[in-house]
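A short write-up of the structure that comes next.
Side chains included, hydrogens not; waters and symmetry mates left out as well; all remaining heavy atoms used. Everything quoted here is computed from the prediction, not taken from an experiment. Quick note: residue numbers are just sequence positions, from 1.
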Amino acid sequence: MRLEYNYHTHTVRCGHASGTEEEYIINAIKAGYKELGFSDHMMIRGYSQPHMRGDFDTLKDYVDVLRQLKEKYKDQINIHIGLECEYFPQIKDYYKELVDELGIKYLIIGQHCFMNEEGKICWAFGLSNLEECLEKYTTLLIEGMSTGLFKYVCHPDLFFVRAKCNNPLIEKYSKMICEASIKYDIPLEINLCGARRKIDYDDYSYPSPIFWKIASKYHVKVVIGVDAHNPLEMIYSKKEYAFDIIRRYNLNYMEDYHL
C-alpha cells in the first residue's frame, strides 16, 4: 500500500501552521509524493478569524507564491492550489468565485464552523446540547456535499471530538455521512493530523475506528489527507495508521486518486 498524493496542506496564513511553502514541497519530494495540494483554510471577504484562517487580503499572495513554486518544481512534483472550506449557505456564490475568478483549482470540505443568523462564524462544536451540535454539523456537511463544489470530505469523523462517549447518536450521524458519500459520489478522508495526535487507538477521537467500521459497510471511497501544519509532517505523516484502518476494515482506498 502506498501514499503518493496529499491534497491537504496548510500554510502560515491560517495562523496555526508553520514553515514555508517551499519547505513543504521539498519534504513532500523527499517522502516520495507525486501530487501535492495546498489547501489552507478558506479566506473569506469581510471576515477575520485569527488563528483559524487568514484574512481575505492574504489570498492573492497565497495563489501567487504557489504558482511560482508550481513552475519551479514542475519537473519533480505536481502542485495544486486549493482551499479547505466550511460550507456556509449564506455565501454559497463565493465558492464558485474562488474557482472561477480567484485562482483556486479545487476545494475540499472540512466543517469546523457554522455561520449563525447574524452572519457570525461560530465553532461547530461549541453548542451545549450534543444532539443539536451533531445535527448542525452533519446537516451542513451533507448540504455542502450535495453542491458538487468539493472534491472530498476532510475528517468526516471530526464530530467525535465533541461526542467522546458511547452514544447512539454516533452511529446515527456516521451513517448519514456515509450515505451522503455514496449518494453524491464524494470520497471521505482518513485524517492524519488526528492520527498524529492520538496516543492509542482511541475510539472516541478522530480518525475513529467506530466511524470507519460503519463506513466499510457502505463501501465509500476513501482518501488519505496528511493535513500538514508543519513541513516535517510531510515525512513523519503517520500514514501507517491510515493503512492499518484501511486493512482492518477492508476500505475502498483510492490509492491513485487524482484531482
Side-chain angles (χ1 to χ4, degrees), residues 7-8 10-17 38-60 62-63 81-164 169 172-174 176-177 179-181 183-184 186 188-189 191 193-194 206 225 227 229:
Y7 303 116
H8 196 164
H10 293 282
T11 78
V12 294
R13 294 170 189 80
C14 69
H16 59 274
F38 284 85
S39 53
D40 213 350
H41 291 280
M42 172 178 62
M43 303 82 165
I44 310 172
R45 186 184 288 110
Y47 284 85
S48 180
Q49 201 175 7
H51 310 299
M52 172 62 191
R53 71 184 81 244
D55 290 346
F56 179 75
D57 61 10
T58 67
L59 178 60
K60 184 179 185 303
Y62 175 69
V63 172
I81 306 172
L83 289 173
E84 179 185 3
C85 311
E86 289 81 11
Y87 180 66
F88 301 138
Q90 298 93 325
I91 59 168
K92 60 185 178 181
D93 292 338
Y94 179 59
Y95 302 96
K96 292 183 179 179
E97 181 186 352
L98 286 167
V99 174
D100 294 343
E101 301 176 24
L102 299 179
I104 300 301
K105 176 178 179 178
Y106 72 98
L107 306 174
I108 52 181
I109 182 171
Q111 199 70 36
H112 309 82
C113 307
F114 68 92
M115 192 176 287
N116 66 18
E117 294 179 357
E118 290 76 39
K120 181 182 178 182
I121 297 177
C122 306
W123 174 236
F125 306 108
L127 300 173
S128 58
N129 182 281
L130 177 61
E131 184 159 19
E132 182 184 2
C133 174
L134 300 189
E135 174 71 24
K136 183 171 287 291
Y137 170 81
T138 306
T139 299
L140 282 171
L141 187 67
I142 292 175
E143 187 176 343
M145 293 163 74
S146 75
T147 64
L149 293 166
F150 306 101
K151 295 294 185 182
Y152 72 72
V153 179
C154 308
H155 39 61
D157 47 347
L158 182 64
F159 68 88
F160 276 75
V161 304
R162 177 63 175 84
K164 290 188 176 180
L169 294 174
K172 173 184 175 180
Y173 290 106
S174 294
M176 288 173 63
I177 292 168
E179 288 166 1
S181 171
K183 180 177 180 179
Y184 301 115
I186 180 169
L188 305 181
E189 175 203 75
N191 183 270
C193 182
Y206 75 101
D227 196 0
H229 290 75

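A salt bridge links Glu131 with Lys172; the closest basic N to acidic carboxylate O contact falls under 4.0 Å.
A side chain to side chain donor-acceptor pair (under 3.5 Å) check over residues 145-156, counting only residues at least two apart or in different chains, returns the pairs Glu84-His155, His112-His155, Tyr152-Glu189.
For Ser48, the side chain to side chain contact (heavy atoms under 4.5 Å, CB included) criterion is met by Pro50, Asp55, not counting sequence neighbours. Listed by chain and number, the residues in a salt bridge (Lys or Arg N to Asp or Glu O under 4.0 Å) with Glu97 are Arg45 (sequence neighbours excluded). Residues satisfying the ring-ring contact (aromatic ring centres under 6.0 Å, His included) test with Tyr173, not counting sequence neighbours, are none. Listed by chain and residue number, His10 satisfy the ring-ring contact (aromatic ring centres under 6.0 Å, His included) test with His8 (two or more places apart in sequence, or in another chain). Taking the side chain to side chain donor-acceptor pair (under 3.5 Å) definition, one finds that Glu179 meets it with Tyr218, sequence neighbours left out. Under the rule for a side chain to side chain contact (heavy atoms under 4.5 Å, CB included), the partners of Cys133 that lie at least two apart in sequence or sit in another chain are Phe125, Leu127, Arg162. The ring-ring contact (aromatic ring centres under 6.0 Å, His included) check on Tyr87 picks up Tyr95, with sequence neighbours excluded. Partners of Phe114 by ring-ring contact (aromatic ring centres under 6.0 Å, His included), not counting sequence neighbours: none found. Considering only residues two or more places apart in sequence or on other chains, Thr11 meets the side chain to side chain donor-acceptor pair (under 3.5 Å) condition with Arg13, Asp40. For the side chain to side chain donor-acceptor pair (under 3.5 Å) test, no residue two or more places apart in sequence or in another chain qualifies with Tyr7.
Residues Phe150 and Cys85 share a closest heavy-atom pair of CE2-CB, 3.8 Å. Nearest heavy atoms, Ile44 versus Tyr94: CA-OH, 3.9 Å. Here the closest heavy-atom approach between residue Ala163 and residue Leu130 is recorded as CA-CD1, 3.9 Å.
Residues Gln111 and Leu158 fail the side-chain proximity criterion, which asks for heavy atoms closer than 4.5 Å. When side chains are defined from C-beta on, Tyr206 does not count as touching Pro156, because their heavy atoms never get closer than 4.5 Å.
The backbone N or O of His51 lies less than 3.5 Å from a partner atom in the side chain of His16, making a donor-acceptor pair.
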Let me check something: any side-chain donor-acceptor pairs from residues 117-124 under 3.5 Å, sequence neighbours excluded? List them with distances.
none

I would like to know whether Phe159 and Leu169 meet side-chain contact (heavy atoms from CB on, under 4.5 Å); could you show each step before the answer? CA-CA 11 Å; Phe159 68 88; Leu169 294 174; over 6 Å; no
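Considering CG of Leu102 and CD1 of Ile81, their distance stands at 12.0 Å, rounded to 0.5 Å. A distance of 10.5 Å separates CG of Leu140 from SG of Cys113, quoted to the nearest 0.5 Å. Here Ile108 contributes atom CD1 and Ile186 contributes atom CD1; the two are 10.0 Å apart, rounded to the nearest 0.5 Å. Annotation: the span from Arg53 atom CZ to Leu83 atom CG amounts to 10.0 Å, rounded to 0.5 Å.
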